[in-house]
Structure formats: C-alpha cells, structure tokens
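Everything below concerns the one structure shown next.
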Amino acid sequence: MAEKLIVAGAKVFDGTEFIGKRDVIAVDGVITEITAAWTHTEKSAEAEGAQFVDGTGRTLTPGLIDCHVHVTVSGAGRLDAFTEPFSLKFFHAVENLRRTLHAGVTTARDAGGADAGVKAALAKRLIEGPKLRAAISIMSQTGGHGDGCMASGAEMPMLAGHPGAPNGVADGIEGVTRKAREILRAGADQIKICSTGGVLSPTDDPRHSQFTVAEIEAIVAEAETQGAYVMSHAQGTQGIRNALEAGVRSIEHGIFLDQETIELFIEKGAYLVPTLQAPVAVIKAAEAGAALPPAVVEKAIMVAETHREAFQAAYAAGVKIAMGTDAGVGPHGENLEELELMFAAGMTAQDALRAATANAADLIGSESVGRIAEGKAADLVLFDGDLAATGLGALRGQIEAVFQDGVRRR
Ligand SMILES: [Zn+2]
C-alpha cells in the first residue's frame with residue numbers, strides 16, 4: 001500500500017520564497033500535491049490512511065543541503081587519527097551522518113573523506129544519513145593544503161589514501177589528469193581540489209595559490225568528460241581567481257575576495273560556499289583545549305572577520321551562494337548554525353534558506369531535492385514558528401521534524 005504523508009497548514013518556504021500557508025502531500029516519498037491550507041484535516045487523513053502532521057504555527061522548508069561536510073572527520077586537530085585503528089573513523093561516520101540528518105540536512109556534499117562504501121551503506125539503508133555526494137579524495141599539489149606529509153615524514157591518516165580512496169597529491173597536466181581519473185574511478189560525484197593553502201595545515205599560507213591554471217583546467221576538463229565537476233578549496237584571492245578562470249563550479253570558503261574577483265564569480269556563474277562556521281569552530285575547539293598549533297589558531301582568528309566581510313560583499317553583489325559548514329572541522333549536527341551566521345551577517349531569511357535548498361541543489365546538480373514542488377522528493381523540515389517573521393537567529397532550537405523521502409527521521 002502507498003505511504004501517504006500530509007503536512008497541513010504550515011507556512012511554506014518552497015526553496016525560492018515563502019509562498020504562504022499550504023498543505024503538502026507526498027506519496028511514497030514524492031511530493032504529489034500542494035493545496036490551499038487546511039484542504040486536509042486529521043479526520044480526512046485518517047479516512048485515507050495517511051500520516052498527518054499539523055503545521056499550525058510552523059514553517060515547512062525543503063530538506064536542507066549542506067554543500068561542504070566531512071563525515072569521516074570528527075574534529076579539528078585531533079591527533080587521535082594517528083593512533084586510532086584505521087577503520088574507527090567509519091564507525092564515527094555512522095554517528096556523524098545520523099546527527100547531520102537529525103539536524104535537518106537531508107542531502108550533503110562530502111568534500112573529502114567519505115568513500116564509495118559510505119555511500120553504499122547509506123543507499124542500502126544500513127545506516128541513516130543525508131543523501132551524499134562524495135568527493136572521496138582531496139586533490140592537491142605536492143606541499144599543498146591536501147598533502148598530508150608532515151614534517152616528520154609521516155602521512156596524515158585522513159589524506160594518506162586507502163583502497164577506494166586514492167591519495168590526492170598530483171602535479172603537472174599528466175599527473176593531475178591521471179589522478180582525476182583515479183578518483184572518478186573510485187566513484188567520486190565531484191572532484192575536490194585545493195587551489196590555495198588553508199587554515200588547518202601548519203606550514204602553508206591560505207593566501208598562497210596552489211596548482212596552475214593549466215593544471216586546474218585539465219582537472220575540470222576530465223571531470224566534465226565524465227559528467228562531474230570541480231569544487232575548489234580556495235581562500236586567497238589569486239587561487240580563487242585561478243580556479244574561476246579554469247572553470248570550477250564552486251569556490252569553498254572564499255575568504256580573501258576583492259571586487260574584481262566578485263565580478264569574475266558573476267561572469268562565470270560560479271557558486272560561493274562560504275563555510276562561516278569553520279573558523280568559528282576552530283577557535284571554539286582551541287578554547288575547549290583541542291591540540292591545535294598556535295599558528296593555526298591565529299590564522300583562524302584572522303580569517304573569521306575577513307571571511308564575514310567577503311561573504312557580505314559577495315552577497316551584496318549578487319554572487320550565487322550555497323550553504324556549507326565544513327562540519328568535521330567543527331562538530332557534526334550543528335550545521336544550521338551556518339544559516340544563523342549568514343542571517344546575523346545580514347542575509348535575509350529567504351536568501352539564507354535558498355542558499356541551503358534551491359541554490360544548493362542547483363550547485364550539486366540534483367533535480368530531485370531542494371524544492372517543495374510536485375515531483376520532488378519529500379525531503380522536508382518542519383520548524384517551530386514563522387521563520388519569515390522571526391528570522392533565523394535561533395534556528396537550531398526550532399527543528400520540530402525532519403522527513404526524508406516522506407519518512408520521518410526525527
Ligand atoms: Zn573542508
């Protein structure tokens with residue numbers, strides 16, 4: 001028998017805008033109908049054997065999409081990765097995925113770490129979690145942000161590679177082409193590269209660029225021939241420009257932006273995935289006693305403010321923005337803090353929600369998620385209150401229910 005779900009009378013944000021109070025009906029995990037509010041009642045639902053959810057005084061949004069997570073990573077600066085058994089991170093990932101889903105994130109893009117096995121476990125429903133688009137490995141030049149070679153000569157376990165997840169370090173056109181092919185062979189949905197240094201790596205500077213434009217172009221070309229695309233970790237201005245010139249689809253972090261670079265985003269139609277939560281999480285972790293080198297903490301403090309200003313300038317100029325958190329650097333399950341931070345930085349509630357729904361779906365190339373419309377997946381989040389009126393300042397405390405493919409997950 002068909003499984004029917006009716007969410008009645010909630011104020012609906014459809015992925016693009018607040019459309020007023022509606023009833024949203026889903027059958028077997030797919031939205032089939034959106035009607036005037038209270039066309040359905042608890043009684044009429046009972047009569048047709050449907051699950052009924054009262055949306056009075058609540059806001060219904062599409063399931064949220066976090067475009068930058070690392071589900072197999074559990075905390076910044078954890079030296080435990082060097083001493084833990086190799087496979088323990090996958091068991092941690094089970095809990096990380098569950099927390100992410102319960103936080104209202106029904107789809108996520110993993111920016112390195114999760115492999116095809118994690119995706120398969122989700123697809124088989126062995127574990128619960130968001131629908132996952134995995135980058136698997138992190139491509140980096142020798143000595144770049146994704147090179148896990150430490151000063152001691154030891155390899156950082158997360159970046160070292162393992163069967164099904166190639167070590168992402170490569171150089172030169174031939175080298176990066178072959179590496180992109182290896183990562184796509186391992187089942188990557190998109191290729192993650194680093195075109196600048198970063199905050200967590202002790203020896204490189206986030207303002208320095210990594211990979212040449214020609215190398216990035218070769219990776220983009222290889223990804224596109226196989227129906228994929230490239231996301232680039234890029235913080236410094238030159239590395240952002242190089243990645244945009246070469247045709248990457250999204251810039252991750254994007255901390256040092258100038259007006260010229262903002263215009264290049266618009267010219268190329270590229271997305272910015274700001275991850276405002278990431279430097280905040282590094283600072284919080286350091287305050288809580290995490291084993292982080294002082295240079296890393298100083299870098300995080302420096303970039304937090306710059307990052308917010310860059311985000312504001314890009315938003316004001318009309319750059320396409322998609323929500324991402326870098327969860328894994330910070331705790332999993334606090335993903336909606338990113339929306340709170342975007343809202344606090346001056347983004348409207350509507351635009352922030354759009355960044356986490358329709359915009360994010362367009363970025364990851366999904367037709368089925370990110371919108372409340374007929375034919376879309378019944379991935380839905382019900383929030384207490386009227387978000388159009390109150391804004392997103394306390395969003396994490398307002399989650400009432402999370403549905404994925406029409407099934408209640410929280
Ligand atoms: Zn990341």
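The figures here come from the full heavy-atom set of this structure, side chains too, leaving out hydrogens, waters and symmetry mates. All ligand and atom numbering here is 1-based and tracks the order in the structure.
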- Can you tell me, to 10 degrees, how wide the angle at the Zn ion (ligand 1) is between NE2 on H70 and NE2 on H68?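 Angle NE2(H70)-the Zn ion (ligand 1)-NE2(H68): 100°, rounded to 10°.
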- State which residue, out of R371, K131, R408, R409, fulfils the salt bridge (Lys or Arg N to Asp or Glu O under 4.0 Å) condition with D379.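 Filter result, single survivor: K131.
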- Can you list the steps and then say if E252 with R109 is a salt bridge (Lys or Arg N to Asp or Glu O under 4.0 Å)? CA-CA 12 Å; E252 312 297 307; R109 187 174 65 161; 2.8 Å; yes
- Atom name of the N, O or S atom in D326 that lies nearest to the Zn ion (ligand 1):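 Within D326, restricted to N, O or S, the Zn ion (ligand 1) is closest to atom OD1.
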- Check: A278 main-chain N/O paired with E338 side-chain donor or acceptor under 3.5 Å: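 Side chain of E338 to backbone of A278: no pair is present.
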- Message: Let me check your reading of the structure: within less than 2.8 Å of the Zn ion (ligand 1), is there an N/O/S atom from E252?
- Response: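 No N, O or S atom of E252 is closer than 2.8 Å to the Zn ion (ligand 1), so no.
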- Message: Let's go through V105 and V69 carefully: what are the C-alpha distance in whole Å and the side-chain angles of both, what is the deciding distance for side-chain contact (heavy atoms from CB on, under 4.5 Å) to 0.1 Å, and is it a yes or a no?
- Response: CA-CA 11 Å; V105 175; V69 299; 5.9 Å; no
